[in-house]
Student: 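I am attaching a structure below and will ask some questions about it afterwards.
Remember, it's a predicted structure, so these values are computed and weren't measured experimentally. Just so we're on the same page: letters track the sequence lines, and every chain starts at 1.
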There are 2 protein chains.
Amino acid sequence: MKAKPSKNNKVSLSEVARAAGVSKMTASRVVRGEGGYSEDTRDRVMAQVDALGYLPNRLATVFAGDKSSTFVGVSIPDLGNEVFAQVLEGIDRKLGSFGHQSVLGLTQHTLQEEENWIRTVLSWQPAGLILTGRYHSPNATDMLKNAGIPVVEIWDLNSSPLDMSVGINHFDSGFDMGRYLIGCGYTNIGYVGTSHDTANAATMRLEGFCKAVEGGGGQVAKQLCLHDTATYYPGFYGTEQLLAVSAGIECIFYQNDAMAFGGLNFCTSKGLRVPADIGIAGWGNLPIASVLPQRLTSVNVPHLKLGQAAAEMMLARLSDEPEESCRDIGFNLVPGSTVRRAS
Amino acid sequence: MKAKPSKNNKVSLSEVARAAGVSKMTASRVVRGEGGYSEDTRDRVMAQVDALGYLPNRLATVFAGDKSSTFVGVSIPDLGNEVFAQVLEGIDRKLGSFGHQSVLGLTQHTLQEEENWIRTVLSWQPAGLILTGRYHSPNATDMLKNAGIPVVEIWDLNSSPLDMSVGINHFDSGFDMGRYLIGCGYTNIGYVGTSHDTANAATMRLEGFCKAVEGGGGQVAKQLCLHDTATYYPGFYGTEQLLAVSAGIECIFYQNDAMAFGGLNFCTSKGLRVPADIGIAGWGNLPIASVLPQRLTSVNVPHLKLGQAAAEMMLARLSDEPEESCRDIGFNLVPGSTVRRAS
DNA sequence: GATGCTTGAGTTACCCGTAACGTTTCGCTA
DNA sequence: TAGCGAAACGTTACGGGTAACTCAAGCATC
């Protein structure tokens, strides 16, 4: 039995075993508490574990067993968006309490970055993957199918997922908001967002929104700030542009709450009263929105719960429990006070 | 050469090699693009890589080389706090662009959770660790010292770090705010926070704050909502309690911006005008604070930059470049309009 | 006293890549 | 055409841990 200290001064099981005067295998059994050894042997081994500061090498364990690790890869577009931070929090808390670790990937909303990240993470033999969004590059899809590990697609509910899916129906959430605003008596409605990528949850919301508004006899003027992230300032300037171009806008729906705050701020800075002169509606129901004096009209999604649900589905699959492959986490419209009351 | 498919239907290098009619080693060289093979051989091997969908197993690579992985463990208290989400974003973006992955740990502000997480993550042979905070349990400290890998402690600047440190001096930031408020003419000042743990950045801020206020002839009435997280509602109720107990409070300093918003909301809901009747000051300068109509008086910390700096120090150490062991990222006081102007 | 069962502990093979080294092939020079 | 060196490729030996198997000793049963 070789038991020389390895280059990077890490203590290996062999060294513990030799110090305790037993074989590697016996030491392994003791460390894992697997049974099949005497009390005396266990004490001798554990004494050396403490004395040498032995830490197991999980890479070797995974390697030896030809099984997967306790890693779960989690891809998130970005953390500047509070919404995704909450989702990640829900995921990691739940995974962590069951002995799994999240390997993070910020994919910047691009499929190419996601593909690169998937390739890298798969090479670490993760137990599973949790991905934001239902659209992936062809290469990514191939790799995911071949990987043979559980995959949960979150955010955008997918009735025919790669494997499992949890989220909400974005089209419906946009539709509901459209119907609500029509019900409030608005007909000349604006939309301010950033993306025009078709493979995108925000686009689905916009489509649902337009369908409801147009079906209700209204019309939608769109203002897309391309090449921008969906935060406060694009909301501010997007509103300025929209109002400069389109006359008679009565109400504006934004891609998300952050942009809506930008728009709200622009309107009040121009002396427009909200909702008397113009209505403002956001999406996502940021936590801070609920404590500001004027409640923003928005759509609430249980972000933390969404993350937890994703982790639960992953864990269920990993422990071979039966689980549903598709879970709708639901949303609800928050009336707020930034659009006028339905008559 | 054995080349049977392994149990979990993962394609191994041996299988590629056999399919291409070369040895494992040659296949390895081709896959790594290391040179030492003919064009013809390379084409044959790569054809099989594509055909079989081979993905390298990085566990084996790490294992073979007896070196560390490309993982970097990142411990963060929680992501509900936008501040830490930004820090994490800065870290992961920078690490990711250099081929490293973040393994996340949400340690809930407790040393015990951090210790458990450190033990687990170390067993995966990470390349390094980035930890929030300068205080760790004795066991954790031992493990970190023995691990022989770079460790960056962030958030709370530490002049004698375990290894490297980047952040700000929280005492000073509290002190500056205290001096500023005194300069604005306030003397009867309140503080609302959650923690009374001494091993804590917020406590350091409070200490600095008290020193400045008391040194300037003022006094501080403290209201600590224990067992609560530092978010909106504790700010709201903490303010209610503080004002009920202490008479004549002219201005309140909060543990962070989220709590300050809660307090601001409580005050306005009670008909108190800010800053005419009462001053409000937060800490952290949340992004949303900068777009709301009334700018919150706060302390700005470059969160994203902090995360990037931590990642840079880690990467420098990993590539054996000379790097400083301590970096002060700095902060600046944001006057805002929620405290009355200095006379 | 022979047999079988338990219990404790050692042996061996293997997981998948890579470093180090050994071997073959081939073109070029003398 | 022998001799030589470099390029191309194969072989072997790890690395840390575990599954599966083997083996020996202790004990009870008939």
Student: Whole-Å distance between C:dG17 C1' and B:Glu34 CD?
Tutor: 13 Å
Student: Nearest whole Å is fine: how far is C:dC15 P from B:Leu13 CG?
Tutor: 13 Å
Student: Between B:Ser137 and B:Gln112, is there a side-chain donor-acceptor contact under 3.5 Å, judged purely by atom types and distance?
Tutor: no
Student: Distance check needed: C:dT24 P versus B:Met25 CE, whole Å only.
Tutor: 19 Å
Student: Take the angle between the ring planes of B:Phe63 and A:Phe63 and call it parallel below 30°, perpendicular above 60°, tilted in between.
Tutor: perpendicular
Student: Which of the following nucleotides, C:dA9, C:dT18, D:dC9, is nearest to the side chain of B:Ser28?
Tutor: C:dT18
Student: Whole angstrom is fine here: how far is it from CZ in A:Arg32 over to P in D:dG16?
Tutor: 17 Å
Student: Hydrogens and angles aside, do B:Ser38 and B:Thr41 bring a side-chain donor and acceptor to less than 3.5 Å of each other?
Tutor: yes
Student: Between D:dG16, D:dT18, C:dT18, spot the one nearest the side chain of B:Phe63, thanks.
Tutor: D:dG16
Student: Which listed nucleotide (D:dT18, C:dA9, C:dT18) is nearest to the side chain of A:Thr26?
Tutor: C:dA9
Student: Among the nucleotides C:dA9, D:dG10, D:dG17, which one has an atom lying closest to any side-chain atom of B:Val22?
Tutor: D:dG10
Student: Specify the separation, in whole Å, of atom CG of A:Leu52 and atom P of D:dG16.
Tutor: 14 Å
Student: With a 4.0 Å cutoff (strictly under), does any side-chain N or O of A:Ser14 reach OP1 or OP2 of D:dG17?
Tutor: no
Student: Rounded to whole Å, please give me the gap between CG in B:Asn57 and P in D:dG15.
Tutor: 19 Å
Student: Can you find a side chain N or O atom of B:Thr61 that sits less than 4.0 Å from OP1 or OP2 on C:dT18?
Tutor: yes
Student: If you find the nucleotide of DNA chain D closest to A:Leu55 and the one closest to A:Arg29, which residue's nucleotide is nearer the 5' end?
Tutor: A:Leu55
Student: State the CD-NZ distance between B:Glu89 and B:Lys94, to the nearest 0.5 angstrom.
Tutor: 13.0 Å
Student: Starting at atom CD of B:Glu39, determine the distance to atom C1' of D:dA8, rounded to an integer number of angstrom.
Tutor: 14 Å
Student: How many whole angstroms separate atom OH of A:Tyr54 from atom P of D:dG17?
Tutor: 3 Å
Student: Phosphate oxygens OP1/OP2 of C:dT11: is one of them under 4.0 Å from a side-chain N or O of A:Ser23?
Tutor: no
Student: Does the C:dG17 base have a donor-acceptor partner in the side chain of B:Lys24 within less than 3.5 Å?
Tutor: yes
Student: Kindly indicate whether the side chain of B:Thr229, heavy atoms from C-beta on, has any atom under 4.5 Å from the side chain of B:Asp78.
Tutor: no
